[in-house]
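See structure below.
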Amino acid sequence: MTDGPDGTDRGATELILGALAGSALLPFLQAVATRAGEDAYQAIRDRLPWRSRRGARAELKEAGVVSLAARDARVVLQLPERVTPVMAARLENVRLPVDRTGWAVVSWDEVQSRWVVELVAEPPPSATPVEP
């Protein structure tokens with residue numbers, strides 16, 4: 001096993017992109033990465049069913065984030081209103097625990113200028129489900 005750049009054991013973790021391979025969330029993640037610097041909602045809007053757009057737009061207005069939940073991978077990606085190119089690039093460095101029983105919520109920590117992962121039992125109630 002080798003250490004990652006942050007000193008974590010790479011054998012016990014995996015990159016978010018690898019963890020989401022085949023997941024319904026991956027196209028949303030790719031859309032955000034390719035359209036970084038734009039409004040996050042606009043980057044994902046066309047990939048959401050029209051009835052899910054209202055809830056996502058309301059959450060963005062109330063909380064300043066759009067939460068996308070992939071039940072297949074048990075991952076929630078919370079995107080701030082604007083995702084900069086630096087933020088998008090750092091998404092590739094997110095590591096998800098392999099042996100987790102609950103959900104992983106990935107969100108941007110403004111103070112630390114990095115994506116953080118919080119393990120929770122259930123996804124946030126405001127999360128918009130992303131289906132394949």
Side-chain angles (χ1 to χ4, degrees):
M1 292 189 230
T2 59
D3 283 346
D6 59 359
T8 60
D9 185 358
R10 289 185 65 123
T13 58
E14 58 189 286
L15 296 175
I16 191 169
L17 295 176
L20 296 177
S23 167
L25 192 55
L26 188 58
F28 291 87
L29 189 63
Q30 291 168 330
V32 168
T34 57
R35 295 180 65 182
E38 297 180 30
D39 181 304
Y41 176 74
Q42 292 302 321
I44 63 169
R45 192 185 93 148
D46 295 336
R47 291 169 173 80
L48 286 174
W50 70 268
R51 64 181 171 264
S52 298
R53 293 178 192 172
R54 183 178 300 150
R57 204 171 25 242
E59 182 189 20
L60 184 61
K61 189 174 189 177
E62 292 172 18
V65 297
V66 174
S67 300
L68 302 174
R71 295 193 189 288
D72 55 349
R74 293 188 334 261
V75 173
V76 175
L77 178 60
Q78 292 186 322
L79 299 168
E81 187 172 0
R82 291 191 55 81
V83 177
T84 66
V86 169
M87 292 165 73
R90 289 184 180 170
L91 263 172
E92 294 181 8
N93 298 324
V94 173
R95 290 171 176 24
L96 299 175
V98 175
D99 298 325
R100 60 187 156 85
T101 55
W103 286 71
V105 178
V106 179
S107 61
W108 180 254
D109 185 313
E110 193 68 40
V111 174
Q112 297 180 49
S113 294
R114 68 181 185 100
W115 295 96
V116 294
V117 178
E118 178 185 2
L119 301 179
V120 297
E122 296 291 328
S126 61
T128 300
V130 175
E131 303 299 331

(request) Check whether V120 and V66 end up in the same hydrophobic cluster, where Ile, Leu, Val, Met, Phe, Trp and Tyr are linked by side-chain heavy atoms less than 4.5 Å apart. (result)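 They do not share one cluster, since no chain of ILVMFWY contacts under 4.5 Å joins V120 to V66.
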
(message) If hydrophobic clusters are built from ILVMFWY residues whose side chains come within less than 4.5 Å, do M87 and V106 share one?
(response)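 Cluster IDs for M87 and V106 match.
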
Please report the interatomic distance [atom1]([X]) to [atom2]([Y]), rounded to the nearest 0.5 Å.
| X | Y | atom1 | atom2 | result |
| --- | --- | --- | --- | --- |
| E59 | R54 | CD | CZ | 15.5 Å |
| W115 | Q78 | CH2 | CD | 9.0 Å |
| L77 | T128 | CG | OG1 | 11.5 Å |
| R57 | L48 | CZ | CG | 10.0 Å |

(message) Using the side-chain contact (heavy atoms from CB on, under 4.5 Å) definition, which of the options L79, V76, V75 pairs with L68?
(response)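 It is L79, the one option of L79, V76, V75 that forms the side-chain contact (heavy atoms from CB on, under 4.5 Å) with L68.
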
Shortest non-hydrogen separation from [X] to [Y] and the atoms involved:
| X | Y | answer |
| --- | --- | --- |
| R71 | P129 | NH2-CG, 4.2 Å |
| R74 | R100 | NH2-O, 2.6 Å |
| W103 | A70 | CZ3-O, 3.7 Å |

(message) Once ring-ring contact (aromatic ring centres under 6.0 Å, His included) is applied, what residue pairs with a partner in residues 65-91 remain, sequence neighbours excluded?
(response)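 Output for this query is empty, none listed.
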
(request) Check the pair V83 / L91 against side-chain contact (heavy atoms from CB on, under 4.5 Å), numbers first and verdict last. (result) CA-CA 10 Å; V83 177; L91 263 172; 5.5 Å; no

(message) Quick one: does any side-chain atom of R95 pair with a main-chain N or O of N93 as donor and acceptor, under 3.5 Å?
(response)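 Checking the backbone N and O of N93 against the side chain of R95, a donor-acceptor pair under 3.5 Å is found.
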
(request) Output yes when a side-chain donor or acceptor of R90 lies under 3.5 Å from a complementary backbone atom of W108, and no otherwise. (result)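 No.
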
(request) Answer yes or no: is there a side-chain heavy-atom contact under 4.5 Å between V116 and S107? (result)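 Yes. Closest side-chain heavy atoms under 4.5 Å.
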
(request) Start with the C-alpha gap between E81 and L60, add the side-chain angles, then the distance that decides, and say whether side-chain contact (heavy atoms from CB on, under 4.5 Å) holds. (result) CA-CA 7 Å; E81 187 172 0; L60 184 61; 3.8 Å; yes

